Every structure is written in C-alpha cells, then in structure tokens.
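By convention in this document, chain letters (A, B, ...) are assigned in the order of the sequence lines, proteins followed by strands, and residues within each chain are numbered from 1. In this text the structure is predicted, and so the values were computed from the model without any measurement.
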Amino acid sequence: MTVEYTERGMLKYSEKLLERFRNPKHIGEMENPTVVAEEGDPQCGDMFRLYLKIEDDRIVDAKFLSFGCAANIATGDMTVELVKGKTVAEAERLQIKEIADALGGLPLIKMHCAVLSYKTLKKALAEYRKSRAGSVSPPQG
Amino acid sequence: MRVYLDNGTTTPVAPEVVEAMLPYFTEKFGHPVFPYSLGQEAADAVERAQEIIARSINARPEEVVFTSGATQANDMAIRGVAYANRNRGRHLITTKVENPSVLRVCERLEKEGFRVDYLPVDAEGFVDTAELEKRLSDETILVSVANVNDEIGTIEPVEEIGEILRERQRKIYFHVNAAAGYGRVEVDVKKIGADLVSLSAHKIHGPKGVGALYVAEGTPIEPVYFGYISLFNLRPGTENIPGIVGFGRAVELMMENFERDVAHMTRLRDRLISGFEEIPHTLINGPRGKKRSPANVSCSFKGLEGESMMLHLDLNGISVATGSACSTTKLEPSHVLTAIGLKAAVAHGTIRFTLSRYNTEEEIDYTLSVVPRVVEQLRRISPVKPEQL
C-alpha cells in the first residue's frame, strides 16, 4: 500500500478514491434495515451512518450516509462494497487496511476516515449479535 | 464552463504583465548590482517598479523593499522590528484572525522570549479596538493587523488603530499585512499611519514569488536574513527582476482600473450573496456592504462538509476554497471561523468564493445555477440535518 503524504500540506488522493467519491454506489437511506449504526461527530468534521439488512446471518443489503470529506465518502462506499453479500462472521474479519488498499491507498492524514467507517461497521455488527443473542438463544448457565 | 473563484488564493497573471516580464528573462537579464549597461537596465527596472508601487500606497520609492511575497514580508517586518526594538520592550499585539504567515512568526517570537497578545474579534470579524487600548503597555513595541481579512473579507479599522497608536507618547510600530486588501481597498500608508506594510504580486494578477515590504523611513528594523547583499540589505540575494517588473506592471494596471474593478467585483459579490441567501440554512460570514472586501463571499452551508463541496464544484468547473478542516493537514476548522464564533460543525461547511476583475456576469449566473444543486445533493447524503446545527 502506498501512503502518499507530503510535507507540502497537500492531500493527494488516488484516482480510485476520487472515482468512488464522484460516483459512490451505495450511498443513500434504507427502509427497514436490520441494524443502523452511527459514529463520528459533525463538530469534528465527519459523521457516518451505516444501514445493514441481514438475513440468515448474511448482509443482503447495505447503505450509508456521510457528512464528511471525499475520503469519508469513498471509504464509506468501499466499506459497504466489501461487506455486501458477506456473512456477518466474514464481515467481522474486515481490516482497515483492506478498505484503504481497495481505494489504491489513503493519504496518512485521511486514515481516520477508514477507521470511522470500520468502527461504524463493528458497532452495527455488534448490535446485530446482541439483538440475536437476546431473541434467539439466551446465554446458558 | 470553467469559473475561477479562488482569487483570494492566487490570481491569473494579466497578459500585459507577462508581456512586460518577457524581455527580462532573455534580453535584459543582467544583475542589478553591476554598473555595466545590462546591470543598469535591471537596476533601472527595479527602481521603476519601486516608484510605481510607492505611488500606489502613498510612500516614497526608497521605502519599498522587494521580497519573495507577503509571507516573507510579514516575517521580515515582525521579526525585524521586534529584534531591533527588544531593548525598548518585548510585547507585541496582533489578532486571532491574522494569516498564518503572521501567526507563525508571532509564535516563534514567543519561544524567543517575546510576549504576544492576540486580540479577539466580533461576530463579523472586526478587531476589538477597545481591547487593543487595554492591552497596550510600556513594553509594547509592535502591533500587526491585516487591513482585510483574507477568509471572510472584513475590512479592519486600521486607520482607527493607527490613530490609537499615534496618540501614545511612546512609539509603537504598526505593521499592516495588506496582501488580501491590496487592489480591493485603498492602501494609503499615511492615512493608515502604518510603519510597515506587506504586499503580494500574485493576488493582483502579478507573478508568484514576488512581493514587497514598505518600511517607513527611520523605522528601526534588523535584517533577519543574511547573505550576499544585493540592492536591499534587508533581503539579500539576487533580485527576481522579471518578477519585480511584472509586479510593477500589475500595480499599474490595478491603479488604472481600480474604481472600475472594485465596482465590478462589488456587483458580482452582491449577486452571489443574494443568490446564496436564498439557499435554506446558509450563513454569510463577515459584514455586508462597504465594510466587506468587494472580492470576498464566505458562506457556510449547514449540514455538509466543505471539502466534498469544493471537489463537487470542481467537477462542475468551479474553483473555490474551503474553510473546512479536511482540506488541510491539521484537521481543525479555520481559526478565523472559530474566532467569529462559528460552531465547528458549521465551520466545516464553509466555502470561500473570491472574485477578480476577470470574472463575468455569465460566470456568476452559472455559479448560482450550480451551487444550490450541489448543496442539495450533499445534504441528501448527509446524516447531519442542517436544522440541527
């Protein structure tokens, strides 16, 4: 992975990232999601909301909303793409680096954007696990 | 359509300026310190530029020193005067809304044992002059305030500040960074009562890499750069002759067309402002009317993030600047927007549109057709609702 960060104060985005920013495939609201999770704070300049529709432990649909920069939108879109169609267990194994790599790298200063969508995904999946644990098989013992 | 609305960052060089510069690259390329004819030609060109620039600010030619730009002029002025006056006191006053090229120098001086006060501003960005009077002490040696705020276009009361400083028994030097104001408002060093004024060429359709510092005769100032002394002992090194010639020509054009250009930019500015005011949940930052730079429109669109907005406008051919943290490597919202009391979440959605004499009514029509559409598009994909901010 290439981390492009220069002391010139410039932010150099990869072509892949810019293409995702211009034409995100998974952005928008979702009706009747299984779980919704949100991370970030507009005061800090970025906020991310993730919707997952899960059937039989498989993510059959995913969408997101973003208040943030180009990297926020692009990493959000890539995160959704990487988990859509996967099982919950598979999605739980997603790494931050995979998100950045799939975008052709992220400027170091924008790595927190990948972290934000990753954290939101983790939160959504944890919530899903919790709701399942409560309704299906209560813990033994 | 390509629309350049980031003239506060830099401007295109006027064709007349390029034409004036060209001979100084290949034919009149001499070094100005040597008395042979090629050298004299270069020295004469520098003198002519000094005369033009001096006239534009009501100064004398010998009081104009060429620099690499306003950033260097600010550094030379602030550190130079601080060092030369350190025995009279070690206190400086500036404001919270200065350009980083002033603030970083002040922070450096603080590390060297100087004390610096940063004056607050009101919600429109005006410096609190009552607070200035309170902070002046027997230790104060220099006050530095820009005549126009480069982010939100506030025209600061520099004449009033000059007056306050003149009334003191003790001489307090006054530096004005006029990089954002030159060509937008009148800069008269006598009316302001300024001892030092920083100017930049590339913000008035001159070339990049050249600026000037006005130093009033008799101002104690130490050089902060050392090396081969050329025409100016404050700024050693071979002068950027083509740049200086271009700067001079740019100032000539600026002065010839000043009133017409200001009226033109003011008309376009007010069209943009009234257009943006119709977009819901939108704030115009800075004052309205005569106390605002004719070239500046700063606008916060609530519920969206500035970098995304900037890049979407770029996709539509429009170049603008943003006050969003995400466009810099610091990830903090602009210090100016914070100083006028904007919430960080709102500051992040700020776009700065800056005009020049070359912008047209058609470009403004186009911009006013694109901006509301992009704002709506970005608000639609945002989890933050503008009415919550």
Side-chain angles (χ1 to χ4, degrees), chain A residues 3-13 17-30 33 36-51 63-77 80 106-113 115-117 120, chain B residues 9 71 99-101 104 281 300-317 320-335 337-338 341-351 374-389:
Chain A
V3 174
E4 292 236 47
Y5 172 60
T6 70
E7 290 294 321
R8 289 175 296 157
M10 265 194 52
L11 295 165
K12 193 161 169 27
Y13 286 139
L17 186 145
L18 285 172
E19 178 48 34
R20 276 283 157 173
F21 161 69
R22 286 180 206 123
N23 300 303
K25 295 176 185 165
H26 310 287
I27 204 157
E29 282 180 278
M30 186 190 284
V36 186
E38 204 167 81
E39 280 283 353
D41 179 350
Q43 289 293 114
C44 304
D46 52 8
M47 192 169 177
F48 190 75
R49 184 185 296 164
L50 181 67
Y51 302 91
K63 285 207 170 296
F64 76 102
L65 291 181
S66 156
F67 170 88
C69 60
N72 185 293
I73 292 174
T75 51
D77 203 57
V80 167
L106 265 181
L108 192 54
I109 191 103
K110 294 291 187 179
M111 207 46 102
H112 69 277
C113 296
V115 174
L116 186 71
S117 56
T120 318
Chain B
T9 297
T71 293
N99 185 270
S101 61
R104 295 297 92 79
H281 308 294
S300 298
F301 303 100
K302 292 183 182 179
L304 56 83
E305 197 281 324
E307 193 207 65
S308 285
M309 175 89 182
M310 173 178 84
L311 293 174
H312 269 287
L313 290 178
D314 189 40
L315 288 177
N316 287 281
V320 298
T322 170
S324 153
C326 283
S327 66
T328 69
T329 53
K330 284 182 67 194
L331 302 180
E332 281 164 20
S334 134
H335 66 291
L337 300 175
T338 307
L342 274 200
K343 281 199 286 186
V346 176
H348 288 303
T350 303
I351 297 289
V374 172
V375 169
E376 207 212 309
Q377 188 185 343
L378 285 170
R379 279 183 179 160
R380 215 167 35 229
I381 63 164
S382 173
V384 182
K385 295 298 152 224
E387 53 273 19
Q388 294 165 345
L389 297 175

A:Phe21 side chain reached by B:Ser308 side chain, heavy atoms, under 4.5 Å:
yes
For B:Ala345 and A:Phe67, work out which heavy atoms get closest and say how close.
O-CZ, 3.8 Å
Return the CD1 to CG distance between A:Ile73 and B:Leu378, rounded to the nearest 0.5 Å.
6.0 Å
Nearest heavy-atom contact between B:Arg380 and A:Leu65 is O-CD2, 4.0 Å
Is the backbone of A:Ala70 close enough, under 3.5 Å, to the side chain of B:Glu307 for a donor and an acceptor to pair up by distance?
yes
Test of understanding: with salt bridge (charged side-chain N to carboxylate O under 4.0 Å, His left out), list the residues that count as partners of A:Glu29, not counting sequence neighbours.
none
So, for B:Pro383 and A:Ser66, which heavy atoms are closest and what is the spacing to 0.1 Å?
CD-C, 3.2 Å
Could you tell me whether A:Lys25 atom NZ has more than 12 heavy atoms of other residues or ligands within 6.0 Å of it?
no
Partners passing salt bridge (charged side-chain N to carboxylate O under 4.0 Å, His left out) against A:Asp41 (at least two apart in sequence or in another chain)
none
Contacting region of B:Arg379 [heavy-atom separation from chain A under 4.5 Å]
neither
Got a second to check how far B:Ile381's CD1 is from A:Phe64's CZ, nearest 0.5 Å?
6.5 Å
Would you indicate whether the side-chain heavy atoms of B:Glu305 and A:Asn72 approach each other to under 4.5 Å?
no
Going from NE2 on B:His348 to CG on A:Asp46, what distance comes out if it is rounded to the nearest 0.5 angstrom?
8.0 Å
